[in-house]
Structure formats: C-alpha cells, structure tokens
Amino acid sequence: MQKRTPSPPVNPSPDKPSDFRPSLINLGWLLVWLLIMMFTVTRMPQRPKEVPYSEFLTQVESGEVATVEVSEHQIAYTLKTSAEQTADEAPAAPETSITTPLPADPDLSRILRNHDVEITALPTNGGNWFGGIWGLLFPLLMLWILWGAFANRMQEGPAALNVGKSKARIYAQGSSQVTFDDVAGVDEAKEELQEIVGFLKDSKKYTRLGAKIPKGVLLVGPPGTGKTLLARAIAGEANVPFFSISASEFIEMFVGVGASRVRDLFDQAKKQAPCIVFIDELDALGKSRTANNPFASNDEREQTLNQLLAEMDGFEPNAGVILLAATNRPEVLDPALLRAGRFDRRVVVDRPDKKGREAILEVHAKSVHLADDVTLSKLAARTPGFAGADLANLINEAALLAARKNREAVTMADFNEAIERLLTGLEKKSRILSDLEKRTVAYHEVGHAIIGTLMPGSGKVEKISIVPRGVAALGYTLQLPEDDRFLMMEDEIRGRLMTLLGGRAAEELIFDRVSTGASDDIQKATDLAERCITLYGMSKILGPVAIERPQAQFLEGLSQPRRPISPHLSETIDREIKELIDQAYQRALELLVRNQDVLERMAQQLLETETLEGDTLKTLLLEIQPSTGLQSWLNPGHQRLQALSNNSRGDRQYETPYQLRPS
Ligand code: ADP
Ligand code: MG
Ligand code: ZN
C-alpha cells in the first residue's frame with residue numbers, strides 16, 4: 001500500500017499583535033486564575049504562636065484567656081483584649097495562639113470553667129485532618145489541571161490559545177504530494193475536478209465571457225471511494241493554497257466557537273485567494289435543521305451552519321475562493337447548502353467498476369512485490385463492490401500474509417486468502433464444535449451452495465468451508481458474483497432470498513430439527529423481502545408504491561423511515577413480506593428435496609475435508625437439477641404481463657388475495 005503523508009502543514013499567519021482579540025473565553029480563563037489565587041491565599045493559615053502548656057495554664061489562671069478551641073491534640077486560644085486597647089479607635093483582632101495539652105488532662109475543663117473561659121470543642125480529628133489536606137490539595141489540583149490545559153495548548157502553537165480560530169490545516173502551494181495519478185478508477189470525478197483546477201489557474205478564460213466560476217463543489221459517494229484523497233490531489237495539483245478542515249472540527253462545547261472558526265477560516269482564505277477551502281464530512285455540520293429530532297436542537301451546529309451559509313454568500317463569485325466539501329450522506333444536508341450559488345455542483349465519486357478496480361489495484365500494487373502469477377485484472381474481477389479503500393486494504397493484507405510466510409513476492413494465493421479474510425473475517429481454528437454441530441453446519445452450508453448454484457445472476461460458488469471464521473460464522477459459502485451489477489432483477493432478488501434460506505431449509509430437511517445458526521441469514525432475507533415490497537414496488541398486491549423513503553444512498557444498512565401509512569396498509573405489508581419469505585423457503589425446500597442425494601454426498605465430503613473448492617466442488621455442483629415450476633416463481637413479472645395481454649379490456653388488474661380496504 002502506498003503511504004504518502006502530506007508535508008507538515010504550514011502555520012497560516014504568525015500571530016501579529018494586532019490580531020489579538022481578547023475573547024470572552026480568554027477572560028474566563030483569567031477569572032478562574034484569579035479565583036484560584038484568592039482561594040489559595042485565604043486558605044493559607046496564619047501561623048499562630050506556639051505556647052508551652054504551662055504558660056497557657058498560667059494565662060488561664062491569671063484570667064487573661066477569653067476563648068479556647070479544643071481539638072484532640074491541640075488547643076487554640078485567644079487572649080482577652082486589654083482595657084486600654086479597647087479604648088483605642090481601632091481594636092486589633094485578638095491574636096490566636098496554640099498549645100499542646102497533656103493528653104486527656106482531667107483538670108482542664110474545671111480550670112477553664114472556673115476562669116470564665118468560653119470553650120468550643122472541634123469535631124474529631126478525622127474530618128479536620130481531611131479538611132486540612134483538601135484545603136491544601138484543592139488549589140494544587142486546580143493548578144495542575146490548568147497547567148496541563150495550557151501546556152497542551154502551548155504545544156499546538158500560540159494560535160491554538162485562541163479558541164475561535166479556525167483549525168484548518170493549510171497546505172501551501174504544492175506541498176501536498178498526492179497527485180491525480182494516485183487516484184484511479186473515478187475518471188469522471190477527476191475530470192470535473194480538473195476543470196475546477198482550471199478555473200483557478202486561468203480564471204480569465206471563463207470570466208471573459210461572463211461565466212461565473214462555481215463557488216462550491218460537493219463530492220458525494222460511499223465511504224472509502226477516495227473523496228478525501230481527491231481533495232488532497234487537488235491540493236497537490238492546483239498550485240494554490242489549500243485549506244483543509246473536517247466539519248466536526250468546527251463544533252466545540254461552547255456555542256459560538258464554531259461560527260467564529262468559520263469566520264476566521266474564510267477571512268484567511270479571502271486573504272490568500274485564489275485558493276481552495278476543503279470541508280470534509282460536511283454532514284457533521286450541514287445536517288438539515290428541521291430533520292429528525294425537534295427536541296434535540298443543536299444551537300452550536302445551527303449557528304455554525306448559518307455562519308457558513310452567510311460566508312458563502314459573502315464573497316464574490318469570482319473572488320477566487322472555491323469551496324470543496326465531501327460527504328457520504330448528501331440526503332441529510334440542509335437544502336440551503338445545496339441551492340444554486342452554494343454547493344451547486346455535485347461530483348459523484350462512486351464505487352469503481354472492474355476497470356476502475358484494476359486501475360486502483362495498479363496504483364497500490366506499485367509499492368509491493370508481486371509474483372508472476374498475479375494478474376490484477378483477475379483480482380479486479382473477483383472483487384465487485386470493493387471501494388478504493390477496500391482494495392488498498394486487500395493489497396496490504398496480501399502483502400502481510402506473504403511476509404508471514406517468508407515469501408519473496410506476493411502470490412495469487414495470498415490475494416485469494418486476503419479476499420476471504422476481508423469478506424468473512426479471520427479463521428478461528430481453536431473453536432471446537434461437537435459432532436452434531438459440525439454436521440448441522442455442513443448441511444447448512446451445502447444447502448446454501450446448492451441453491452446458490454441454480455439461481456440467476458448470483459455467480460459461481462467458489463468455496464464451501466466449515467472452518468469457523470470471524471465473530472459468528474461457523475461455516476461459510478463463498479459465492480462471488482461474476483460482474484458488477486447496477487440493477488438487480490426481480491428473479492435475482494427472489495433467487496437470493498431462496499439462497500439465504502437454503503441453509504435453514506437443509507437443516508430442516510436432514511435433521512428435522514433447526515438450529516440458531518440461520519439467524520443472520522433470516523435477518524438478511526427479511527430485510528431483502530421488506531425492501532422488495534416497500535422500496536422496489538415488487539408486490540403484486542401493493543403494486544409500485546413506495547412505502548419507504550430512501551435515506552442513505554451511499555451507506556448500506558441505515559434504517560429507512562417509512563412514509564405515514566394506515567395501520568391497514570402496514571398490516572398488508574407485513575403479510576406480503578411474510579408471504580414472500582414463506583414462498584421462498586418452500587421453494588428452497590423443494591429444490592433441496594429434488595437434490596437430496598447430492599446434498600448428502602457434498603455434506604459428507606465437506607465433513608471429511610472441512611473445505612470444498614476447485615474441481616471437486618465443480619463436478620459435484622454439476623449434478624444439481626432445477627425443480628419444476630421454479631422459473632415461474634422466480635419471475636412473476638412474466639405472468640403479470642401475460643395476464644395483462646389476456647385481459648381483453650386491457651385494464652391493469654392485480655390479483656388481490658387480500659382486500660386492500662376493509663369493505
Ligand atoms: P473517502 O474519503 O471517500 O471515505 P478516502 O479518500 O479517505 O475515502 O480513501 C481512503 C484510502 O483508500 C485512500 O487513502 C487510498 O489509499 C484508498 N483509495 C480510495 N479510493 C481510491 C482511488 N480511487 N484510487 C486510489 N486509492 C484509493
Ligand atoms: Mg473521507
Ligand atoms: Zn447460512
């Protein structure tokens with residue numbers, strides 16, 4: 001894997017004295033300091049005079065003592081102020097002295113009473129001792145904390161003392177080492193961004209005709225596809241100053257800090273125009289203000305966002321500042337951010353296709369030693385769905401595996417193992433399964449494999465293993481799709497449902513007793529069935545009605561919010577999901593019954609060898625037969641069309657086994 005670290009950020013502007021603005025926060029620190037100093041000074045006890053016990057007794061007996069404070073080991077006392085002193089205009093405060101009494105002097109209290117001394121006893125020593133320590137420690141502790149805080153800030157450089165300053169790293173002209181050559185497989189995005197670099201290099205060419213240079217460009221796409229990398233490449237190519245900051249760095253505990261950081265960032269940027277300002281993970285800041293929880297309003301984020309909007313409007317279109325931002329959740333962004341004149345250009349950085357993956361692998365393979373048997377195009381074919389970051393990771397994993405085996409170069413076998421690792425986690429040979437468990441896992445996996453082999457568009461089954469892997473998988477079936485897919489057909493979805501449920505079906509067929517091992521399959525199948533009905537409009541009864549709003553285009557696995565629907569519709573949806581799952585399960589069972597002898601043989605073999613792959617697997621899989629009626633179940637759309645052409649009136653008529661509305 002290639003690692004290029006950006007050269008150390010250049011400190012933007014050395015603090016000029018005129019720049020110093022005493023902010024509220026600085027005043028706050030000062031106040032805390034003062035309080036602590038006062039506290040320390042007042043807690044500092046004035047050292048009282050230490051007097052011998054005998055002298056103390058003499059003073060008591062001669063009637064000079066006014067009050068005593070008796071604690072376990074000490075007596076503190078004050079003398080009566082003399083008559084002539086009281087006559088003075090300023091009576092001095094009575095001076096305290098201390099003395100150490102004999103342990104438990106029995107006569108003491110009598111003597112004191114006889115001489116009219118005011119007696120106070122202090123509570124037992126424990127509390128007092130603790131209080132004393134605390135009084136001493138507290139200021140020390142505070143000092144230590146403050147010192148720590150300041151020392152840290154000082155290390156970051158004097159600018160960091162000003163909380164409201166922007167934390168943007170600044171890459172001076174040409175200081176980023178990443179170039180467009182390091183980014184592969186996202187050619188369209190690269191082209192668009194190159195154009196933007198062109199704007200900055202030669203703005204006259206565009207402004208001459210009255211065109212306005214775009215102000216904001218938003219990079220959107222799934223995680224790990226190279227958005228941040230692209231931005232850094234621009235920094236390297238554009239030959240203008242490049243300010244880079246992550247949106248979360250604006251937000252602090254104190255309301256108002258973020259806004260002032262935004263202001264500061266733009267002040268600096270405008271001074272250094274032409275330049276590029278890059279805000280990474282923009283969704284951290286730009287979440288729609290009305291969205292989600294109305295109770296959890298976030299003043300700081302809102303203020304910061306407002307400041308950003310204001311700043312974006314505040315500079316002229318041709319001022320030479322281009323704002324670049326990246327996010328994988330464009331849906332949640334505040335609409336105000338996306339309107340014309342702000343982030344009005346969107347550049348999609350999508351997962352790479354096969355050619356793209358090959359190009360990315362090439363970029364990252366430059367730094368590792370490849371064996372002769374490695375063909376990157378084959379690797380690219382085996383890794384559909386992998387993003388750039390996954391591919392970089394794959395090469396690194398393979399290199400690590402090769403190094404562990406003391407190889408001279410990274411071989412295809414290392415890559416294959418690395419792919420398996422990335423898909424299913426590490427092997428866990430130490431997990432010992434009982435005999436019954438092993439048999440259950442074997443039949444379960446073969447069940448997946450048999451059904452997966454027959455399903456349309458799901459690719460070859462490459463390997464079956466009952467060596468435990470990862471966190472939960474006790475066995476797995478590796479089935480890699482042959483091509484990149486951008487659409488999934490209905491028959492493929494139904495086939496996938498059957499494949500997912502094939503493990504459970506095999507367990508039921510062979511053992512007549514099912515296990516918990518299928519929970520993950522069931523989860524996935526249910527999710528898929530739900531999406532079929534509520535998102536893809538594949539329900540006969542509901543027709544093409546969307547019930548969920550797609551929320552996260554680029555992130556999988558985020559829950560989708562449902563549209564407001566009637567309880568009745570909700571019931572119908574549930575029934576449709578269940579119906580689909582039930583049917584898929586039934587079909588899976590049928591198919592396994594039809595192929596039971598292959599199932600038995602494969603499972604036996606798997607139990608012996610623990611993994612099945614290569615030619616052995618291929619010949620076994622060749623024996624599998626489809627069951628009757630499978631095609632028509634997989635592809636109900638075909639039937640629908642036939643029903644339509646048979647219908648003389650040409651009305652669209654959906655079958656309605658359930659009534660949509662209570663009559
Ligand atoms: P994103 O910001 O889109 O989540 P990154 O830009 O942080 O992804 O990518 C993470 C790493 O993955 C990069 O540093 C790089 O090593 C690798 N990578 C991702 N996409 C590509 C690509 N298109 N070409 C080359 N390397 C890539
Ligand atoms: Mg990123
Ligand atoms: Zn399974």
Side-chain angles (χ1 to χ4, degrees), residues 1-6 176-190 193 219-235 244-248 278-284 324-329 347-353 355-367 386-396 424 440-452 464-466 469 472-479 496 498-507 514-525 554-555 588:
M1 200 170 59
Q2 249 186 341
K3 269 222 179 109
R4 278 180 168 171
T5 41
S176 167
Q177 313 247 314
V178 183
T179 65
F180 276 134
D181 287 340
D182 295 319
V183 194
V186 281
D187 295 336
E188 291 85 0
K190 247 159 78 173
L193 292 174
L219 299 172
V220 298
T225 46
K227 298 181 292 296
T228 308
L229 190 70
L230 265 172
R232 281 169 50 201
I234 294 188
S244 168
I245 189 167
S246 171
S248 56
F278 173 56
I279 304 180
D280 208 352
E281 314 291 352
L282 182 67
D283 47 294
L324 198 64
T327 178
N328 41 36
R329 303 211 56 197
V347 175
V348 178
V349 188
D350 215 341
R351 287 212 180 81
D353 57 5
K355 260 179 67 193
R357 288 196 298 276
E358 192 178 338
I360 295 175
L361 285 169
E362 252 161 42
V363 168
H364 289 277
K366 267 186 220 150
S367 53
F386 277 46
D390 303 323
L391 293 169
N393 195 9
L394 170 67
I395 293 209
N396 193 46
T424 56
T440 310
V441 175
Y443 279 97
H444 178 109
E445 294 306 331
V446 174
H448 283 309
I450 286 184
I451 295 179
I464 314 172
S465 157
I466 51 170
R469 264 185 187 264
L474 297 178
Y476 67 94
T477 306
L478 192 65
Q479 188 174 21
R496 174 107 187 98
M498 280 178 65
T499 310
L500 282 169
L501 295 169
R504 162 57 66 92
E507 287 178 35
V514 294
S515 75
T516 55
S519 66
D520 188 48
D521 300 332
I522 294 173
Q523 194 77 44
K524 282 187 185 136
F554 297 116
L555 297 177

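Side chains are part of it too, since the values below use all heavy atoms of this structure and drop only hydrogens, waters and symmetry mates. Counting convention: from 1, in listed order, for ligands and their atoms alike.
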Undergrad: Is any side-chain heavy atom of Leu193 closer than 4.5 Å to one of Phe180?
TA: yes

Undergrad: Counting only N and O atoms by type, is there a donor-acceptor contact under 3.5 Å from the side chain of Ser244 to the main-chain atoms of Phe278?
TA: no

Undergrad: Going by the order shown, which atoms of ligand 1 are within less than 4.0 Å of some heavy atom of Val183?
TA: 23 (N), 24 (N)

Undergrad: Restricting to N/O/S, name the atom of Asp521 that gets closest to the Zn ion (ligand 3).
TA: OD2

Undergrad: Could you pull out, from Ala184, Pro222, Gly388, the option with a heavy atom nearest to atom 24 (N) of ligand 1?
TA: Ala184

Undergrad: Would you mind listing which atoms of ligand 1 come within a distance below 4.0 Å of any non-hydrogen atom of Thr228?
TA: 2 (O), 6 (O), 7 (O)

Undergrad: Distance check, rounded to the nearest 0.5 Å: Ile234 atom CD1 versus Thr179 atom OG1?
TA: 12.0 Å

Undergrad: If you take all heavy atoms of Ile466 and Ala442, which pair is closest and at what distance?
TA: CG2-CA, 3.8 Å

Undergrad: Report yes if some N/O of Gly224 lies less than 3.5 Å from some N/O of ligand 1; otherwise report no.
TA: yes

Undergrad: Might you work through the side chain to side chain contact (heavy atoms under 4.5 Å, CB included) test for Leu391 and Ile395, ending with a clear yes or no?
TA: CA-CA 6 Å; Leu391 293 169; Ile395 293 209; 5.8 Å; no

Undergrad: Of the choices Ala233, Gly185, Ala389, which has the non-hydrogen atom that lies closest to atom 10 (C) of ligand 1?
TA: Ala389

Undergrad: When you measure from the side chain of Thr225 to the backbone N and O of Val349, does any donor-acceptor pair fall under 3.5 Å?
TA: yes

Undergrad: More than 12 non-hydrogen atoms from neighbouring residues, nucleotides or ligands closer than 6.0 Å to CD on Glu362, yes or no?
TA: yes

Undergrad: Would you give the length of the straight line joining atom CG of Leu282 to atom OG of Ser248, rounded to the nearest 0.5 angstrom?
TA: 11.0 Å

Undergrad: Please step through side chain to side chain contact (heavy atoms under 4.5 Å, CB included) for the pair Asp283 and Glu281, ending with a clear verdict.
TA: CA-CA 5 Å; Asp283 47 294; Glu281 314 291 352; 4.2 Å; yes

Undergrad: Before giving the answer on side chain to side chain contact (heavy atoms under 4.5 Å, CB included), spell out for Asp521 and His444 the whole-Å C-alpha distance, their side-chain angles and the decisive distance to 0.1 Å.
TA: CA-CA 11 Å; Asp521 300 332; His444 178 109; 3.0 Å; yes

Undergrad: Of all the atoms in ligand 1, which lie at a distance below 4.0 Å from a heavy atom belonging to Pro223?
TA: 4 (O)

Undergrad: Does any N, O or S atom in Glu445 come within less than 2.8 Å of the Zn ion (ligand 3)?
TA: no

Undergrad: Counting only nitrogen or oxygen atoms and a 3.5 angstrom limit, does Leu229 reach ligand 1?
TA: yes

Undergrad: Would Thr225 count as a contact residue for ligand 1, given that I'm defining contact as a non-hydrogen atom of the residue lying under 4.0 Å from a ligand atom?
TA: yes

Undergrad: Could you tell me if any non-hydrogen atom of His364 lies under 4.0 Å from any atom of ligand 1?
TA: yes

Undergrad: First locate atom NZ of Lys227, then atom CG of Asn328, and finally report the distance between them rounded to the nearest 0.5 Å.
TA: 5.0 Å

Undergrad: Please tell me if the side chains of Pro352 and Val186 come closer than 4.5 Å, counting only heavy atoms from C-beta onward.
TA: no

Undergrad: Quick one: name the protein N/O/S atoms under 2.8 Å from the Mg ion (ligand 2), chain by chain.
TA: Thr228 OG1

Undergrad: For ligand 1, find out whether one of its N or O atoms is nearer than 3.5 Å to an N or O atom of Ile360.
TA: no

Undergrad: May I ask you to identify, for Asp182, whether its side chain, its backbone, both or neither come under 4.0 Å of ligand 1 on a heavy-atom basis?
TA: backbone

